[in-house]
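Everything below concerns the one structure shown next.
Keep in mind that this is a model prediction, so the values were computed, not measured. Proteins come first, then strands; the chains are lettered A, B, ... in the order of their sequence lines, and each starts at number 1.
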Amino acid sequence: MKLTFTAADEAFRAEIAGWLKDNLCGEFEVLRFRGGPGDEHMFPAERKRWEQKLAEGGWTCVGWPREHGGRGCSIEQQVIFHEEYARAGAPGRVGHIGEGLAGPTLIAFASPEQQQKYLPGILAGTELWCQGYSEPGAGSDLANVRTRAAQGADGRWMLNGQKVWTSLAHESDWCFVVARTDPESRGHKGLGFFLVSMHQPGVTVRPIEQLTGTSEFNEVFFDDALAADIVGAPGDGWKVAMGLLGFERGVSTLGQQMQFQNELDQIVRIARDNGAARNPALRQRIAEAHIGLRLMRYNAMRMLSQDSNNEAGPAALVYKLHWASWHRNLGALAMDVLGPEADMAESAPYNLTRLQSLFLFTRSDTLYGGTNQIQRNIIAERGLGMPKEAKGNL
Amino acid sequence: MEFRFTDEQRMIRDTAAAFLQDVSDSSAVRKAMATELGYDPDLWQRICQELCFQSITVPEVYGGMGLGQVELAAVLEQMGKVLLCSPFFATVGLGVNALLLAGTEEQKERYLPAIVDGALTATLGWTGAEAARFGGQWGCEAIGLRWQACENGYRLSGELRYVIDGHSADLLIVAARAPGTAGRDGVALFALPADTAGVSREWQPTLDQTRRQARLQFTDVLVPACARMSGGEAAGRMLDDILALVKVALAAEQMGAAQKVLDMSVAYMHERVQFGRQIASYQALKHKAADMLLKCEVSRSAVYYAACIAEERVNPEGDARLADELAEAAAMAKAYCSDTLFHNAGSAIQLHGGVGFTWEYDVHLYFKRAKASELYLGAGTAQRELIASLLLD
Ligand SMILES: Cc1cc2nc3c(=O)[nH]c(=O)nc-3n(C[C@H](O)[C@H](O)[C@H](O)COP(=O)(O)OP(=O)(O)OC[C@H]3O[C@@H](n4cnc5c(N)ncnc54)[C@H](O)[C@@H]3O)c2cc1C
């Protein structure tokens, strides 16, 4: 075990830090510390341009293999990239679903033609993606999707059905959709994994207003919408969809942590200014938040450093439950540090402060990407070998 | 950055695990904890002669294995799992660490080879009755001895409490302060044989029977000048660093024990049938077990990280920037692992039902160890206050 970075890694750190210093300015100055969950609705146009700026510098998809256009960065360099990115206050990435989820899935499961068709747009930051998994009847029970995919005589797939809670669908060019290729099938059998253009007749995006008063996610309706491609064979959908969920726990979690660090720093500053730092109970909770975040980082480092022995397997299993619960607590802590000031909104009619949004939005952290309850089921079953949850017979 | 065990570290851990499972099963622990010594001296000699764990962090020039704090943590984790009754924690976690950081060359040459030989056990004492004030205080403020210079050396007097294995250790490393001083000022460290005239020792019965604590009375104890350890004016700071190393060592044990009570619980939940089903199939219990696993995994990350930092501090060639994180990393590990072990041991009693409340089942041994090791060196609240003062003041 060794925590120090090599001289080459430190040189890489200087390179990315220098690039950010030179480029995160001018028209992009407003983007500092903006974007990310709870703030996704802010500056979409500027943030899309920022994606392209990043791409010009070669700073998108740094962890992708070189043969697919990435930088082929080592884990250490990816850690450093995310650290410096967040340290500079660079904005939340609107391209993260493409870079972190769609791309790695295509690299793992798609044909070379499909890879050539879709990866360049992700790399260039010109094509944004959204994730069409959840449906009104398929949330935690994801295998219950009803959206149908039917193959026409010309071999092309046509989608009919409804997705829900689709984050950033209104900004996206593409959606990956899990749909039923075999109408007689049930559960995780008979599903397909489709790539669907959002710019076509038959795709309707309807924003859903969140409890924050803003809209980051949507309902998406498919009425005879054409699927541009299917990844894998019909029936492979579940395998591909689950492979994708594995990528969600990748290196990008480290970038997310640096965003958490910026939030915690803000809370610490407020606590010092308004005297909350002298309240013994709040001191405890602030320290607890600090500890939780540091340990989240060490846990991620351990999980990313794993070798063929895969001893950090359980560390990866618990990761989502840990960060989601931690972040939800941070939101509550922010309010308690502010005291009565926490109730005062930024402006009428209902423009919230960043910390109010944090507080409200973090209630979703323990829902999306698998609720805390679903995470605990998975941990108990895969991590501890406890019996599977009984399936209902409705 | 390489945040995983090397093959050698894995081998050390696995060797320790296999050996300890054999020699420190439930009946061995129960037998040892019922003796006044608190451990089985034959087993201790086997550990010293066959496995040489006592020499793990001792540099090769003193005959030791010359390994580091990560290896130490790996072994302590396994000892925590089986609640090993032995002078290992006191001798290596407290004694050797203190010698490594604060020993003079002469002291290292005199004591470390004897420890390596298995001929000497050691401990560290610094707290007096003050330690029990304000819910537990464990830094320089709790020092229970006074020192004064006298002809040819020093005169020590006062009382030490909560000294782990203090009734049996051969070498006492103690902290004392000059009269009229406070905080880190006036602190000095001494190393003296336990049979030095004027030292009287008495073991104190404890709630956690798997680890002994003693009260030591110093009545005009005269020690030669060479008993004073290094550090000079900065000895207070040095004591804090030593205590940080001890926190890491203790956290490693706590993490191992927390994993073990989880394993015991999961095994029991598979055996026990209620309402016609294994209780392991009930979601309320699965979720409790999942929370226990989460805490174990995060504890593990905390301990290994802190052990890496500790190594940078102890190793003369360590990275100074990382070494500066020691106080913080140790406090975080101690806070998180203390809370984890208490939580997991408490949950284990609940998951075992009525049998968890019996003397016969081992769960109570872990539960008692959990509370004792949580309080020793300061519970989560104390560690968090330390973190808070770094962040907020
Ligand atoms: C902000 C946000 C963004 C999202 N973005 C996307 C997106 O981009 N793409 C996408 O596809 N989806 C997205 N989702 C959807 C998200 O994945 C689902 O909301 C989530 O999986 C929960 O499903 P559900 O809402 O249907 O709740 P339900 O599954 O109906 O759950 C209701 C409650 O029952 C509990 N529960 C359900 N089943 C079990 C069980 N077996 N055991 C114990 N408890 C159980 C749940 O934990 C929860 O507390 C997003 C959600 C949010 C809030």
Any donor-acceptor pair under 3.5 Å from Arg376(A) side chain to Ala290(B) backbone =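 Not confirmed, Arg376(A) side chain does not pair with Ala290(B) backbone.
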Between atom [atom1] of [X] and atom [atom2] of [Y], what is the distance when rounded to the nearest 0.5 Å?
X         : Y         : atom1 : atom2 : answer
Ile379(A) : Leu294(B) : CD1   : CG    : 6.0 Å
Leu384(A) : Leu293(B) : CG    : CG    : 5.0 Å
Met303(A) : Arg4(B)   : CE    : CZ    : 15.0 Å

Greatest number of heavy atom pairs closer than 4.5 Å to chain A - which of [options]:
options                                   : value
Gln383(B), Glu328(B), Glu311(B)           : Glu328(B)
Glu312(B), Arg10(B), Lys288(B), Glu385(B) : Arg10(B)
Gly380(B), Gly68(B), Ala289(B)            : Ala289(B)
Thr381(B), Leu386(B), Leu285(B), Val70(B) : Thr381(B)

Report, by ascending residue number, the residues of [range] in heavy-atom contact with chain A at a distance under 4.5 Å; give 'none' if the set is empty.
range                       : result
residues 296-309 of chain B : Glu297(B), Val298(B), Arg300(B), Ser301(B), Ala302(B), Tyr304(B), Tyr305(B), Cys308(B), Ile309(B)
residues 72-81 of chain B   : none
residues 259-283 of chain B : Leu262(B), Val266(B), Met269(B), His270(B), Gln278(B), Ala280(B), Ser281(B), Gln283(B)
residues 329-350 of chain B : Met332(B), Ala335(B), Tyr336(B)

query = With a 4.5 angstrom heavy-atom cut-off, which part of Arg294(A) approaches chain B: side chain, backbone, both or neither?
reply =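 It is the side chain, since no backbone atom gets that close.
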Residue, of [options], that accumulates the most heavy atom pairs under 4.5 Å with chain B:
options                                   : result
Glu76(A), Glu311(A), Arg285(A)            : Glu311(A)
Pro280(A), Ala315(A), Gly383(A), Ser74(A) : Ala315(A)
Lys388(A), Arg269(A), Gln373(A)           : Gln373(A)

Which heavy atom of [X] sits nearest a heavy atom of [Y], and at what distance?
X         : Y         : answer
Leu392(B) : Val268(A) : CD2-CG1, 3.9 Å
Pro387(A) : Lys286(B) : O-NZ, 2.7 Å
Ala287(A) : Ala388(B) : CB-N, 4.0 Å
Arg302(A) : Phe3(B)   : N-CD2, 3.4 Å

Candidate list His290(A), Arg283(A), Glu288(A), test side chain to side chain contact (heavy atoms under 4.5 Å, CB included), partner Arg384(B), passing option =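 Checked His290(A), Arg283(A), Glu288(A) against Arg384(B); only one passes side chain to side chain contact (heavy atoms under 4.5 Å, CB included): Glu288(A).
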inquiry  = Please check if the number of heavy atoms outside Arg363(A) that lie under 6.0 Å from its CZ is greater than 12.
reply    =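 No.
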ask   = Would you find more than 12 non-hydrogen atoms of other residues, nucleotides or ligands less than 6.0 Å from Asp7(B) atom CG?
value =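 No, because the 6.0 Å sphere around CG of Asp7(B) holds 12 heavy atoms or fewer from other groups.
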Side-chain touch Leu321(A)/Asp291(B), heavy atoms, less than 4.5 angstrom =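 With C-beta onward as the side chain, the pair touches.
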task = Under 4.5 Å heavy-atom distance to chain A, tell me which part of Glu325(B) shows up: side chain, backbone, both or neither.
result =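 Contact with chain A is through the side chain of Glu325(B) alone.
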query = chain A heavy atoms under 4.5 Å from Leu322(B): which part of the residue, side chain, backbone, both or neither?
reply =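 The side chain, not the backbone.
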task = Kindly determine whether His287(B) and Asn377(A) satisfy side-chain contact (heavy atoms from CB on, under 4.5 Å), including the steps that lead there.
result = CA-CA 7 Å; His287(B) 284 194; Asn377(A) 285 351; 2.6 Å; yes
